[in-house]
Amino acid sequence: MSLTVKRPRGTADMLPSDAYKWHYLEDQIRATAREFGFLETRFPTFEHTELFLRAVGDTTDVVQKEMYTFTDKGDRSITLRPEGTASVVRSYLENSMYAGGLPVKVYYLAPNFRYEKPQAGRLREHHQFGVEYFGSYGASADAEVIMLLHRLLGRLGIRDIELRINSIGCPACRPGYQSALRQYFESKEDRLCGTCHDRLKLNPMRILDCKNASCGEIAGGAPRTIDHLCPECEEHMRKLTGYLDAVGISFSIDSGIVRGLDYYTRTVFEFVTTTIGAQGTVCGGGRYDSLIEELGGQPTGGLGFGCGLERLLMVMETQGIEIERPPQCDVFVAGLGDDVDIPVQKLVHELRLLGLAAERDTLGRSLKVQMKYADKIGARYCVVIGDAEIQIGSAVVKNMTARTESEPIPLDAPSIAAEIK
RNA sequence: GUGGGUAUAGCUCAGUAGGUUAGAGCACCAGAUUGUGGAUCUGGGGGUCGUCGGUUCGAGCCCGAUUAUCCACCCCA
């Protein structure tokens, strides 16, 4: 197939026949966000590269090897957004959203771009539902954000998805933990893989994530962040788990959750499933209390998450969760003969003005084929108009699902609309 | 970036030991006494067998390369 009709690697077309699934998902998301008091925000698809270097961290995989970066005609370095939080924080600062008072609670639905090797549940362009909660240091904000996700997953009917949380500490307790960690790994350095040797110097916490068998075994016995928290971080975690217990959200503490974006502090969490292959993280997020300050704002607490919509739909699909396909056509007006062409057009127009999805044939097809077509597009009702109907000024409305016909009713849009309702 | 699988009609796939004009189901189109849908039946259109090269008298089938795709590692949603 020639390149002109081939989509780029790692991208996906949303087909018209699947659009209703996305609409459903987005409707559920918007309804949930509304219940939890989040307003939608939108922002550009690309940003200055500098933003992601600063916000995401220039040693992360996302920045080092996965960004779509190019120089524009004005000689600026531009990057297609690899994740949402950096853009939202930038927009928050640039537009002084804090000026309206804190907290600021926003959500977004947006595509992200990462130069990855595609596999199940992983694309180069994927879509995320994300939430950012600015201005609160309280653990109740953490609880709220997790509750929102829990609620969304619940109303989508998703089962067998596990909430895992961890605390990776704050600038106060992290140095102590990192030195304990480094000390532990250095004692077993000869058994670590090559990548982890580098990680030991750069960021030993990454070793906890390593899937190498030997490293994993070593990491299993490593000191855990939650055992080295400062009293404040400990209290934060205790409060969060208290909230979750109180509202009946089950979770597990997973000291292996470190997350690959540098800005996280204290709470990190993931919703993970094993039903869609190896890429089972459907949602991931956490707290980032230093990020806003690092990008030039006042010290402001914050947290958020990203939730992969493609993965969400995959989970629903594999769990057999049906999304109802809304009717595409309320009434099909079938015409019989050239003489009724104008009346058919007029009737369809008037039915639409009354808010109905009305359809007619424009290919000059026979009545039988028009009926088949009406059936194929799922028309709920059908009206056949021929010379006879025009002459006597009435027609019958056929209920396509019940296979019944009405008594003859006046051949005008209001009467037909009334019959349908 | 590393590894493995796959590539035949719009879709899902057959294709037997290399051997005539490459098949099926679904979908699409047209019919089955011309004013009526989902079933059935009949017929039809549609494929340079991913691409390039090689082996062979002969390649959809064997070999090499390349591209695409799927899956896994890494990392992430």
Side-chain angles (χ1 to χ4, degrees), chain A residues 1-3 5-12 15 17 56 59-66 81-85 109-130 149 193-196 199 206 209-213 215-216 257-261 268 270-273 276-285 304-315 329 332-337 340 361 363 365-389 395-396 398-405:
Chain A
M1 197 175 285
S2 76
L3 273 181
V5 291
K6 184 80 192 81
R7 67 176 182 274
R9 189 168 168 74
T11 61
L15 300 178
S17 54
V56 178
T59 64
T60 59
D61 277 7
V62 167
V63 167
Q64 281 193 332
K65 29 186 227 196
E66 295 178 0
R81 171 182 61 241
E83 61 103 47
T85 300
L109 289 158
N112 291 333
F113 307 86
R114 293 180 198 168
Y115 193 83
E116 306 220 44
K117 193 152 172 183
Q119 68 181 78
R122 195 168 65 190
L123 297 161
R124 289 188 174 176
E125 177 182 19
H126 77 277
H127 296 77
Q128 279 189 24
F129 161 51
L149 262 180
C193 71
T195 327
C196 284
R199 288 173 171 148
R206 290 270 160 70
D209 249 357
C210 189
K211 302 296 188 295
N212 178 292
C215 297
I257 298 179
V258 178
R259 308 211 54 72
L261 288 70
V268 289
E270 293 177 352
F271 279 87
V272 183
T273 175
I276 56 170
Q279 309 303 319
T281 302
V282 177
C283 322
F305 66 75
C307 185
L309 300 188
E310 284 86 356
R311 287 186 187 175
L312 219 41
L313 285 172
M314 279 174 79
V315 174
C329 175
F332 187 91
V333 181
L336 190 67
V340 301
D361 170 67
L363 305 186
R365 297 189 280 202
S366 71
L367 180 59
K368 188 185 181 80
V369 176
Q370 289 186 57
M371 292 302 293
K372 281 192 172 190
Y373 181 71
D375 181 58
K376 195 182 75 174
I377 64 174
R380 296 163 55 223
Y381 294 88
C382 188
V383 181
V384 176
I385 298 182
D387 293 338
E389 282 77 9
V396 297
K398 186 163 186 156
N399 182 326
M400 297 291 278
T401 46
R403 306 202 69 162
T404 56
E405 285 186 2

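Sequence lines set the chain letters: A, B, ... in the order given, protein chains first and strands last, and positions in each chain run from 1. Please read these numbers as outputs of a predicted model, since none were measured by experiment.
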(message) The criterion is side-chain contact (heavy atoms from CB on, under 4.5 Å); which residues satisfy it with A/Leu309, sequence neighbours excluded?
(response) A/Trp22, A/Leu25, A/Ile29, A/Leu109, A/His127, A/Phe129, A/Leu312

(message) Working to the nearest 0.5 angstrom, can you tell me the gap between A/Met400 CE and A/Glu405 CD?
(response) 10.5 Å

(message) Rounding to an integer number of angstrom, what distance separates B/G19 and B/G10 when you compare their C1' atoms?
(response) 31 Å

(message) Between B/A22 and B/U8, how many Å separate the two C1' atoms, rounded to a whole number?
(response) 8 Å

(request) Could you list the residues that satisfy side chain to side chain donor-acceptor pair (under 3.5 Å) with A/Arg124, not counting sequence neighbours? (result) none

(request) Would you give the length of the straight line joining atom CZ of A/Arg7 to atom CD of A/Glu125, rounded to the nearest 0.5 angstrom? (result) 11.5 Å

(request) Could you pull out all residues at least two apart from A/Glu83 that satisfy salt bridge (Lys or Arg N to Asp or Glu O under 4.0 Å)? (result) none

(request) Report the distance from atom SG of A/Cys329 to atom NZ of A/Lys376, rounding to the nearest 0.5 Å. (result) 12.5 Å

(request) Can you check whether any acceptor in the base of B/G1 is under 3.5 Å from a donor in the side chain of A/Glu116, or vice versa? (result) no

(request) Please report, rounded to the nearest Å, how far the P atom of B/U33 is from the CG atom of A/Leu367. (result) 15 Å

(message) Say we look at B/A7 and B/U21: how far apart would their P atoms be, to the nearest angstrom?
(response) 24 Å

(request) Sticking with atom P, work out how far B/G25 lies from B/U36, rounded to a whole angstrom. (result) 29 Å

(message) If you define the side chain from C-beta out and look only at heavy atoms, does anything of A/Ile276 sit under 4.5 Å from A/Arg311?
(response) yes

(message) Nearest whole Å is fine: how far is B/G35 P from A/Lys398 NZ?
(response) 15 Å

(message) Suppose you measure atom C1' in B/G46 against the same atom in B/A24; what distance do you get, rounded to whole Å?
(response) 15 Å

(request) Taking all non-hydrogen atoms of both residues into account, name the closest pair between A/Ala334 and A/Gln370 and its distance. (result) CA-OE1, 3.2 Å

(request) Name the nucleic acid region contacted by A/Leu312, choosing base, sugar-phosphate or nothing; use a 4.0 angstrom heavy-atom cut-off, strictly under. (result) nothing

(request) Could you list the residues that satisfy side chain to side chain donor-acceptor pair (under 3.5 Å) with A/Arg365, not counting sequence neighbours? (result) A/Asp361

(message) Would you measure the distance from the C1' atom in B/U6 across to the matching atom in B/U20 and give it in whole Å?
(response) 30 Å

(request) Can you tell me, in whole Å, how much space there is between the C1' of B/G64 and that of B/G1? (result) 24 Å

(request) Drop me the distance from A/Gln279's CD to A/Met314's CE, to the nearest 0.5 angstrom. (result) 9.0 Å

(request) Measure the distance from CE on A/Met371 to P on B/A30 and round it to the nearest whole Å. (result) 16 Å

(message) In whole Å, measure the gap between the C1' atoms of B/U56 and B/A17 for me.
(response) 16 Å

(request) For RNA chain B, just give me the dot-bracket, please: Watson-Crick or G-U, both distances below 3.5 Å, ( ) intra-strand, [ ] crossing earlier pairs, | paired with another strand, . unpaired. (result) (((((((..((((.....[...)))).(((((.......))))).....(((((..]....))))))))))))....

(message) Please enumerate all residues that pass side chain to side chain donor-acceptor pair (under 3.5 Å) together with A/Gln64, with sequence neighbours excluded.
(response) none

(request) Name the residue closer to the 5' end of RNA chain B, choosing between A/Ser366 and A/Tyr373 according to the nucleotide with the nearest heavy atom. (result) A/Ser366

(request) Round to a whole Å and report the spacing from CD of A/Glu270 to C1' of B/C75. (result) 11 Å

(request) With sequence neighbours excluded, tell me which residues meet salt bridge (Lys or Arg N to Asp or Glu O under 4.0 Å) with A/Glu66. (result) none

(message) For the OG1 atom of A/Thr85 and the CD atom of A/Gln128, what is their distance to the nearest 0.5 Å?
(response) 8.0 Å

(message) Please compare A/Asp387 and A/Arg365 by the position of their nearest nucleotide in RNA chain B and report the one closer to 5'.
(response) A/Arg365

(message) A/Asp375: which residues meet the side chain to side chain donor-acceptor pair (under 3.5 Å) condition with it, sequence neighbours left out?
(response) none

(message) I'd like to know whether A/Arg9 forms a side chain to side chain contact (heavy atoms under 4.5 Å, CB included) with A/Lys117, so could you lay out the CA-CA distance, the side-chain angles of the two residues, the decisive distance to 0.1 Å, and finally the verdict.
(response) CA-CA 9 Å; A/Arg9 189 168 168 74; A/Lys117 193 152 172 183; 4.0 Å; yes

(request) Using a heavy-atom cut-off of under 4.0 Å over every strand shown, decide if A/Gln64 touches base, sugar-phosphate, or nothing. (result) nothing

(request) Identify, residue by residue, the members of residues 376-386 of chain A with a heavy atom below 4.0 Å from RNA chain B, and return them in order of residue number, or none. (result) A/Lys376, A/Val384

Pairs: protein N or O with nucleotides 38-40 of chain B N or O, under 3.5 Å:
| unit_1 | atom_1 | unit_2 | atom_2 | d |
| --- | --- | --- | --- | --- |
| B/G38 | O4' | A/Asp375 | OD2 | 3.2 |
| B/G38 | N7 | A/Arg403 | NH1 | 2.8 |
| B/G38 | N7 | A/Arg403 | NH2 | 3.4 |
| B/G38 | O6 | A/Met400 | O | 3.1 |
| B/G38 | O6 | A/Arg403 | NE | 3.1 |
| B/G38 | N1 | A/Met400 | O | 3.3 |
| B/G38 | N3 | A/Asp375 | OD1 | 3.4 |

What's touching nucleotides 43-48 of chain B from the protein side, N or O pairs under 3.5 Å?
none

(request) Would you mind building the protein contact string for nucleotides 65-72 of chain B? One character per nucleotide, 5' to 3', B for base within reach (heavy atoms under 4.0 Å), S for sugar-phosphate only, - for untouched. (result) ---SB-SB

(message) Can you identify which nucleotide, out of B/C75, B/C29, B/U36, has its nearest atom closest to the A/Glu66 side chain?
(response) B/C75

(message) Quick check: closest heavy atoms across A/Cys307 and A/Leu149, and the distance to 0.1 Å?
(response) SG-CD2, 4.2 Å

(request) Could you grab the distance from atom NZ of A/Lys65 to atom OH of A/Tyr115, nearest 0.5 Å is fine? (result) 13.0 Å

(request) Please examine the side chains of A/Asp387 and A/Val340, heavy atoms only from C-beta on, and report whether any two atoms are closer than 4.5 Å. (result) yes

(message) I need the CZ-P distance between A/Phe332 and B/G37, as an integer number of Å.
(response) 13 Å

